[in-house]
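Inspection log for the structure reproduced underneath, given as structure tokens.
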There are 2 protein chains.
Amino acid sequence: MPPKSRPATLDVESVTRWRRRAGERPDEILNAALDEFLAKGFDAARMEDIAARAKLSKAGVYLYFDSKLALLQALVDREVKPIAHRATALMRAGHADPIAALRLLATFARGTVADPRLMAVPRLVISIAGRFPEIAERYRLEVVERAIGGLTALIAAGIAKGDFRAVDAGVAARMLAGPLILEALWRHILGGAPLAPDIAATAAAQIDILLNGLRPDARPEPTP
Amino acid sequence: MPPKSRPATLDVESVTRWRRRAGERPDEILNAALDEFLAKGFDAARMEDIAARAKLSKAGVYLYFDSKLALLQALVDREVKPIAHRATALMRAGHADPIAALRLLATFARGTVADPRLMAVPRLVISIAGRFPEIAERYRLEVVERAIGGLTALIAAGIAKGDFRAVDAGVAARMLAGPLILEALWRHILGGAPLAPDIAATAAAQIDILLNGLRPDARPEPTP
DNA sequence: TGTATATAACTGTCCAGTCAGTTATATACT
DNA sequence: AGTATATAACTGACTGGACAGTTATATACA
């Protein structure tokens, strides 16, 4: 070993120390921020801890993001785009056979909702919604509104096609989505054990009730 | 102007200034705290502002509550007790005629969910759940778990009585409750316009689909 | 006079954001 | 190739303000 005066740790790390070009940094910082925000909440999360998690100094974070709030906004933006597209595409593809599409969706969506990693940003958005209504609204418009809208369109297509009787498509859509939201709230926010451990069975049970409720030959409830 | 050194406001208020006995204070402070917590979030809410809203000095608040966190806990406690009782009682009463009870519940619950005042504490709990899991868990156990449990029991009673076919009662319960949670999340947390402006009609549409789905003569979906 | 109720003023700590300076990589020039 | 210069990536140390919680003091009333 050459008689270098540098500390040993530097020798070990020095190979990769500056090789990392800036391109990857923002994402690393955002991941760190998400973890800290979820663990401590937006206000209680410290920029220094976020930086440390991203293996950076606090000042380093400010080279990429103007402020703590900018970090939050970038975080939501990053997740919003892909989800919205995926959801709408999936549902548009199902218009040909709405019944099959609903069956597929119910299982697929339940799997999504059970995954803590995928639920991280929604959780964050909900927790900060009171303080930053613009962020919450953006999320609602880009994600929730699209999802419910697509689902409603799918059921409306089923009604037009004669697969379902003429119920309020929006209400039916929310009878599919609502229980999923409830499950997500329960598990990931209120910290409960899964309400429905068997994803496939639960999805099947739900779709069974829903499809029977939508059946063309069912007689509508008399409104007393 | 008389050469009094006291500020004028004191003279005006002094008549009633000390008359207020301690009994009412805690509630006033809790109401003020709830408002501030909802407006700014738990961390950003300032004890001084809470005190001012309750027409007290900051130190005054500390005569009744030990800390900011104690305020939060007291707030949740205050709301938890009555709600849990009311909900279970309502549902137990309906076991004789589950169908009628579900119809009633759907409309009643939709009205509840539409009321911002009643949704204030749930909103707060959700927003702080990440930071204070014990509070969230307590709320889940005392309120959400009881509500879902009662609803499930009601539907199970309907199945036993022959009003409904033998579906998974828990799933059916969540198909009633889920859309309500979705509506609440939408309106009160994500700041959307009401998804369903006409409460009665929406409740009717939902119960129509659900009851048809539960009908004893419906044929169960084949699970492919 | 004593006790309960209240407050103004204070203290100690915490942390977002800044800045002056350092180290690694890239480029220009010989 | 080697050396000088520029610039990108990064950091340690600091500041200024905010705010939870405390203390010393005042008022009301029995």
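Letters go in sequence order (proteins before strands), and every chain restarts at 1. This one's a predicted model, so the numbers in the text were calculated from it and none came from an experiment.
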Query raised in the report: With respect to Leu176(B), which candidate in Ile155(B), Leu210(B), Ile148(B) satisfies the side chain to side chain contact (heavy atoms under 4.5 Å, CB included) definition?
Result: Leu210(B)
Report task. Write out all pairs satisfying side-chain hydrogen bond (donor to acceptor under 3.5 Å, both in side chains) with one or both partners inside residues 69-87 of chain A, taking only residues at least two apart or from two chains. Result -> Asp27(A)-Arg78(A), Asn31(A)-Arg78(A), Asp77(A)-Arg138(A)
Query raised in the report: Starting at CZ of Arg25(B) and ending at P of dA4(C), how long is that distance when rounded to a whole Å?
Result: 17 Å
Report task. Give me the one residue out of Lys40(B), Lys58(B), Lys68(B) that meets salt bridge (charged side-chain N to carboxylate O under 4.0 Å, His left out) with Asp49(B). Result -> Lys40(B)
Report summary line: Taken to the nearest whole Å, CG/Leu56(A) to C1'/dA8(D) is 14 Å
Query raised in the report: Counting just side-chain N and O atoms, does Tyr64(B) come under 4.0 Å of either OP1 or OP2 of dT5(C)?
Result: no
Query raised in the report: Counting heavy atoms not belonging to Asp66(B), are there more than 12 under 6.0 Å from its CG?
Result: no
Query raised in the report: In B/S/- notation, 5' to 3', how is nucleotides 16-23 of chain D contacted by protein heavy atoms closer than 4.0 Å?
Result: ---SBBBB
Requested in this report: May I have the distance from Leu72(A) (atom CG) to dA16(C) (atom P), rounded to whole angstrom?
Outcome: 14 Å
**Report entry** Pair listing, salt bridge (charged side-chain N to carboxylate O under 4.0 Å, His left out) test, anchored in residues 119-131 of chain B, at least two apart
**Finding:** Asp43(B)-Arg131(B)
Query - Side-chain donor or acceptor of Arg146(B) paired with backbone N/O of Thr88(B) under 3.5 Å - result: no
